[in-house]
Chemist: 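Below are the structure tokens for one structure; questions will follow.
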Amino acid sequence: MNDSPPEIRPPAPAAAPRAPAAAGARAARAFADLHLHSLFSDGTFTPEELAGHGARCGLAAMALTDHDTVEGCPRMAVACGRLGIEFLPGAELTAELDGSELHILGYFLDQKNPKLQTDLKKFQAVRQNRIHEIVARLNRQHIPLRAETVFALANCHSPGRPHVGRALVQEGFCASLDEAFDRFLKKNRPAYVPKFKISALEAIALVHQAGGLASMAHPGLNRSDEAIPALAASGLDGLECFHSKHTPAMTEYYLEMAARHHLLVTGGSDCHGYSKGKPLIGGVKLPVVHYDRLQGHYRAKVLRMVNGE
Ligand code: AMP
Ligand code: ZN
Ligand code: FE
Ligand code: FE
């Protein structure tokens, strides 16, 4: 393990957003966004800002799914509660299946679950170590970026490549985040460092033992379609059919696949902040009926547990 990053200053909560006129009018709200990142990982909005944007989009429900951390969930729960938005605590885990990376979204996580806390700390330590490795590779490319600069900019326990990219832009080594990924950070580029990944089955098991439900994130961006039936048979609960990078045809395809394998349907924007001048949040419209089914499935699971079934 390399030096740990400097002490993290928790991001200051933004002023509490005011409830819109329609707060509480659940019936008028038709959509949910269940894939969002805050500055507790590589997003740029505070949880309060995310909730405020969600309210402006008229969302009925939101989930926070930061990479490898649930630290933003308590603040997001409070902010959503003030705005009459239902909230699911979640996280996005990086997993691997047959050599391909895939992401597992965990929902309804018990944030105090000891194994979840221990494992997330481990994943975060790996991420911090990886920043040192990426920076060392950049230095070998004669880019004198310092790891401390990345950690100061990230100011979170779960840093990732976007933070390195933003540091490269901030220090004038790249003109844009796109350029940083294209020249250095993406796969097969000189500063790419693969991330340690647990297996997809381990990720699903971790979510389950923390009391949650597991959904495969953005299947249209992975190369794991053929594994979906086996994962569904092994306990995967849902499939993220709606995603900002899915075409309408992909959404249809995955909706059909979810129905065929009895998977719940999830969806979200995967908002990391502003995209082309607009917050991405709310750009993907998960019909609230799918959120209600997810809730129903979770309640039934809790009831079965309470009854010792
Ligand atoms: P990491 O978890 O450190 O491997 O970083 C993955 C994150 O980087 C993703 O969640 C995206 O937010 C972001 N990302 C991946 N590829 C690109 C890209 N080509 N341009 C900008 N951001 C990217
Ligand atoms: Zn991300
Ligand atoms: Fe992802
Ligand atoms: Fe994501």
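Remember, it's 1-based here, ligands and their atoms both numbered in the order they're listed.
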Chemist: What about F173 and H142, are their ring centers closer than 6.0 Å?
Modeler: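 Not close enough - the centres of the two rings lie 6.0 Å or further apart.
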Chemist: List, ordered by chain and residue number, the protein residues whose closest non-hydrogen atom lies under 4.0 Å from any atom of ligand 1.
Modeler: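 Its neighbours under 4.0 Å (heavy atoms only) are D42, H67, R127, R130, G160, R161, P162, F181, K195, H272, given by chain and number.
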Chemist: Between D68 and R127, is there a salt bridge with N-O shorter than 4.0 Å?
Modeler: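 The answer is yes: the pair qualifies as a salt bridge.
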Chemist: Compare every heavy atom of L50 with every heavy atom of I281, then report the nearest pair and how far apart it is.
Modeler: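 I281 and L50 have their closest heavy atoms at CD1-O, 3.6 Å.
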Chemist: Which count of protein N, O or S atoms is obtained for distances strictly below 2.8 Å from the Fe ion (ligand 3)?
Modeler: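 Total protein N/O/S atoms under 2.8 Å from the Fe ion (ligand 3): 3.
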Chemist: Report yes or no: does E92 have an N/O/S atom closer than 2.8 Å to the Zn ion (ligand 2)?
Modeler: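 Given the 2.8 Å cut-off, E92 does not count as a ligand of the Zn ion (ligand 2).
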Chemist: Using salt bridge (charged side-chain N to carboxylate O under 4.0 Å, His left out) as the criterion, list what pairs up with R166, not counting sequence neighbours.
Modeler: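 Partners of R166 under the salt bridge (charged side-chain N to carboxylate O under 4.0 Å, His left out) test: none.
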Chemist: Where does the angle between the aromatic ring planes of F196 and F123 fall among parallel (under 30°), tilted (30 to 60°) and perpendicular (over 60°)?
Modeler: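 Correct class here is tilted.
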Chemist: After noting the C-alpha distance and the side-chain angles of H157 and Q124, does the key distance pass the side-chain contact (heavy atoms from CB on, under 4.5 Å) rule?
Modeler: CA-CA 6 Å; H157 294 117; Q124 291 163 16; 3.4 Å; yes
Chemist: Given the side-chain rings of H218 and H246, with only the six-membered ring counted for Trp, is the space between their centroids under 6.0 Å?
Modeler: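 Between H218 and H246, the centre distance exceeds or equals 6.0 Å.
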Chemist: Has H37 got an N, O or S atom lying less than 2.8 Å from the Zn ion (ligand 2)?
Modeler: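 False for H37.
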Chemist: Compute the centroid of each ring, for Y107 and then for Y298, and state whether the two points are separated by less than 6.0 Å.
Modeler: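 Between Y298 and Y107, which both carry aromatic rings, the centre distance is not below 6.0 Å.
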Chemist: Could you tell me the angle subtended at the Zn ion (ligand 2) by OD2 of D42 and NE2 of H272, rounded to 10°?
Modeler: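 Once rounded, the angle between the two atoms at the Zn ion (ligand 2) is 110°.
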Chemist: Between H67 and H272, what is the ring plane arrangement, given parallel below 30°, perpendicular above 60°, and tilted in between?
Modeler: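 Rings of H67 and H272: tilted, 30 to 60°.
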Chemist: Pairs under 3.5 angstrom only: tabulate donor-acceptor contacts from the side chains of residues 258-266 to other protein residues two or more places apart or in another chain.
Modeler:
unit_1 : atom_1 : unit_2 : atom_2 : d
R260   : NH2    : E256   : OE2    : 3.2
T266   : OG1    : S215   : OG     : 2.9

Chemist: Distance check, rounded to the nearest 0.5 Å: Q117 atom CD versus L109 atom CG?
Modeler: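 Atom-to-atom, Q117:CD and L109:CG are 11.5 Å apart.
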